[in-house]
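Side chains are part of it too, since the values below use all heavy atoms of this structure and drop only hydrogens, waters and symmetry mates.
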Amino acid sequence: MNSFRNSVIEDARVLTADYLPNEMVARDSERQEIARNLRPMTEDQPPIDMLIYGPPGTGKTSMARYVVEELKSKMFANSAYVNCFSHKSKFEIFYEMLDKKLTVPRDGTSTEKVIQLFREKVRDSPTVIIVDEADQVVDDEVMFELSKLNNTGLIMIANDSNVFGHFDSRVRSRLSGVRKIHFRSYSVDQIVEILKRRREHGLRTDSVSDKQLKAIAKAADGDARVGLNSLRTAAQESEKQGNENITDKIIEQSVEVSKSRTRISSLERLNKHQKTVYEILEENGRMKMGNIYQSYCEQIDDNKSKRTIRRYMNKMEAYEVIDSEGAKKAKRYALAD
C-alpha cells in the first residue's frame, strides 16, 4: 500500500481555471440575465441570443457554461461549445461542435457534410451554442450559418462589444437584436474570494494564508485565470519540494510563471494575420497603424481589411501580446513588455 500523502493538494481538479464550481463568485446579476434570456426555451419558445463581452479572465466562459448546465438540469436540451481562438476555419468550428466526432472522420469529410450533421443535431432538440472568442471568427459564413439555425440559443463571447462590426450586412442584420452583457474585471477582493473557495475544496486549508491569497489576487490584476493558475503552480511547486506550506517566494515565482505561460499560450493561438503583425512589430518596434497595415499587406497575399486587422490587434492588446500609446490617429503599437 502506498503511504504517500500529498502535503498541500487535496483535489488538483479544483485548481484549474477550467473547473466549473457549484457557484460563481460576484456574478449573480450576470447569471440572472443569461438565465432570463434562455428561459423561453423551457416554454418551447425561442430564446434571446447574447453577446457576453469583457476583458480576459472575468468569468465569461465559466458563467455561460454554468447557466447552460443549470438550464439542462431543468429541461432536455443539448449544448455545443467551440473556442474560435483554437478552431478558426469554418470546417474546424462546426466539426468541434459535433458530439459524434468519433464516428465522423475528420479526413475525407467535407465542410458541407459537417454543417449538415450539425443542423441535424440541433434540429432534434433545443440546443444552446456557445461561441467563445467570437472576435477571432474570420469567415462571415460561420456566423451567418449559426444565426440561421432554428431551435437554438446563441451565446457569443468576446472581449469587445463591437465584435460584429466587421461582418457583412447579412450577419449584422441577423445579430442586431442580441443582448449584450458586460463582464467587468474582478476586484482584488473578488479574486481573493474565488481563491478562498478553491483553497477550501482543492488544498489543505492551512497550506496558504489569506494574506498570500491577497498577494496573488493583486498580482492577477483583475484576471481570475492568472490568479488561479498562480495558485495551482505554487501548490504544485510546494508539493515538488515536499513542503507542507506554500512560501511567499514560491508564490512570487509562480505568479511570474503564470503570466509568462498565459502570454505564450496567447501567442501560440494567434491566427496567421496576427502573427504577421506580431513579427512586424518585433522587427520594427513601435509603429502607427497605417505603417503596420502597409507592411502587413506587403507580406500577406490574402490580406484582410484594415478594419479587420485593427480588430485583430484589439484582441492582441486584450491578451497583453501588444500594447498601445497615444489616442486615435496618433496611436502607436508595440510588443508588450
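Here Y186 pairs with nothing under the ring pair (Phe, Tyr, Trp, His ring centres under 6.0 Å) rule; sequence neighbours left out.
Between Y312 and H273, the ring planes lie parallel to each other; the angle is under 30°, not in the 30° to 60° tilted range.
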Passes side chain to side chain contact (heavy atoms under 4.5 Å, CB included), I280 versus Y278? Steps please. CA-CA 5 Å; I280 290 169; Y278 183 91; over 6 Å; no
May I have the step-by-step check of side chain to side chain donor-acceptor pair (under 3.5 Å) for N159 and K315, ending in yes or no? CA-CA 7 Å; N159 300 126; K315 184 75 171 180; 2.8 Å; yes
Kindly determine whether F164 and N162 satisfy side chain to side chain contact (heavy atoms under 4.5 Å, CB included), including the steps that lead there. CA-CA 6 Å; F164 307 130; N162 297 317; over 6 Å; no
Pair Q241, E237 - check side chain to side chain contact (heavy atoms under 4.5 Å, CB included), show working. CA-CA 6 Å; Q241 294 184 17; E237 182 60 28; 2.8 Å; yes
Apply salt bridge (charged side-chain N to carboxylate O under 4.0 Å, His left out) to the pair R65 and D18, showing each step before the final yes or no. CA-CA 10 Å; R65 291 171 55 212; D18 293 332; 5.3 Å; no
Does the salt bridge (charged side-chain N to carboxylate O under 4.0 Å, His left out) test come out yes or no for K72 and E69, once each step is laid out? CA-CA 5 Å; K72 290 167 69 175; E69 290 305 311; 3.7 Å; yes
So R269 and E133, side chain to side chain contact (heavy atoms under 4.5 Å, CB included) or not? Walk me through it. CA-CA 11 Å; R269 294 156 65 197; E133 308 284 6; 3.9 Å; yes
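Residue D139 holds its CG atom at 9.5 Å from OG1 of T111, rounded to the nearest 0.5 Å. The CE atom of M156 sits 14.5 Å away from atom NZ of K60, with the distance rounded to the nearest 0.5 Å. The line from OG of S265 to CG of L270 is 9.5 Å long, rounded to the nearest 0.5 Å. With values rounded to the nearest 0.5 angstrom, L231 atom CG is found 10.0 Å from Q236 atom CD. Atoms CZ and CE, from F167 and M143 in turn, are 5.0 Å apart once rounded to the nearest 0.5 Å. The line from CG of N271 to CE of M316 is 9.0 Å long, rounded to the nearest 0.5 Å.
The number of heavy-atom neighbours closer than 6.0 Å to CG of D206, taken from other residues, nucleotides and ligands shown, is above 12. More than 12 heavy-atom neighbours from other residues, nucleotides or ligands sit within 6.0 angstrom of CD on Q253. No more than 12 heavy atoms of other residues, nucleotides or ligands sit less than 6.0 Å from atom CD of E320. Sparse packing is recorded around NZ of K214, with 12 or fewer heavy atoms of other residues, nucleotides or ligands lying under 6.0 Å away. More than 12 heavy atoms of other shown residues, nucleotides or ligands fall within 6.0 angstrom of atom NZ in K148.
Using modelled atom types, no side-chain atom of T58 and backbone atom of G54 make a donor-acceptor pair closer than 3.5 Å. Counting only distance, with no hydrogens or angles, the side chain of S266 and the backbone of T262 share a donor-acceptor pair below 3.5 Å. Checking side-chain atoms of Q212 against main-chain N and O of S209 turns up a donor-acceptor pair under 3.5 Å. Counting only distance, with no hydrogens or angles, the side chain of E43 and the backbone of P40 share no donor-acceptor pair below 3.5 Å. No donor-acceptor pair closer than 3.5 Å links the side chain of N291 to the backbone N or O of Q294. Under a 3.5 Å cut-off, the side chain of S254 and the backbone N or O of I250 do form a donor-acceptor pair.
With hydrophobic clusters built from ILVMFWY side chains whose heavy atoms lie under 4.5 angstrom apart, V14 does not share a cluster with I9. Note: the hydrophobic cluster containing V82 does not contain M50 (ILVMFWY, side chain heavy atoms under 4.5 Å, direct or indirect links). Linking Ile, Leu, Val, Met, Phe, Trp and Tyr whenever their side-chain heavy atoms come within less than 4.5 Å puts V138 and V277 in one cluster. L149 and M41 are members of different hydrophobic clusters when ILVMFWY side chains are connected at heavy-atom separations under 4.5 Å. L203 and V257 are members of different hydrophobic clusters when ILVMFWY side chains are connected at heavy-atom separations under 4.5 Å.
Smallest separation of non-hydrogen atoms from A80 and F118: CB-CE1, 4.0 Å. Closest approach of D49 and L154 over heavy atoms only: OD1-N, 2.9 Å. In terms of heavy atoms, R179 sits closest to N37 at NH1-OD1, 3.4 Å. In this structure, E239 and S7 approach most closely via the heavy-atom pair OE2-N, 3.0 Å. Closest of all the heavy-atom pairs between A318 and P56 is O-CG, 3.3 Å. Closest heavy-atom contact between A220 and G227: CB-N, 3.7 Å.
A cation-pi arrangement is absent between R198 and Y19 under the rule of less than 6.0 angstrom and at most 45 degrees off the ring axis.
Aromatic pair Y319/F85: centroids less than 6.0 angstrom apart.
Just one residue in the list R170, R119, K90 forms a salt bridge (Lys or Arg N to Asp or Glu O under 4.0 Å) with E145, and that residue is R119. Here the options are T61, V128, V67, the test is side chain to side chain contact (heavy atoms under 4.5 Å, CB included), and the partner is I155; only V128 passes.
Between D210 and R199, at least one side-chain nitrogen of the basic residue sits less than 4.0 Å from a carboxylate oxygen of the acidic one, meeting the salt-bridge criterion. Between D302 and K272 a salt bridge is recorded (basic side-chain N to carboxylate O distance below 4.0 Å). Of the charged side-chain nitrogens involved, at least one lies within less than 4.0 Å of a carboxylate oxygen, so that R31 and E70 count as a salt-bridged pair. Residues R197 and E193 are paired through a salt bridge, judged by an N-O separation under 4.0 Å between the basic side chain and the carboxylate.
A side-chain N or O of Q136 and one of Q274 form a donor-acceptor pair less than 3.5 Å apart.
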Residues 322-331 side chain polar contacts: donor-acceptor under 3.5 Å, at least two apart:
unit_1: D323; atom_1: OD1; unit_2: R286; atom_2: NH1; d: 3.3
unit_1: D323; atom_1: OD1; unit_2: R286; atom_2: NH2; d: 3.1
unit_1: S324; atom_1: OG; unit_2: E317; atom_2: OE2; d: 2.6

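Side chains of M75 and P126 form a contact here, defined as non-hydrogen atoms less than 4.5 Å apart. Under the 4.5 Å side-chain criterion, counting only non-hydrogen atoms from C-beta, K113 is not in contact with V104. In this structure, K180 and V163 have side chains that are not in contact, with every pair of non-hydrogen atoms separated by 4.5 Å or more.
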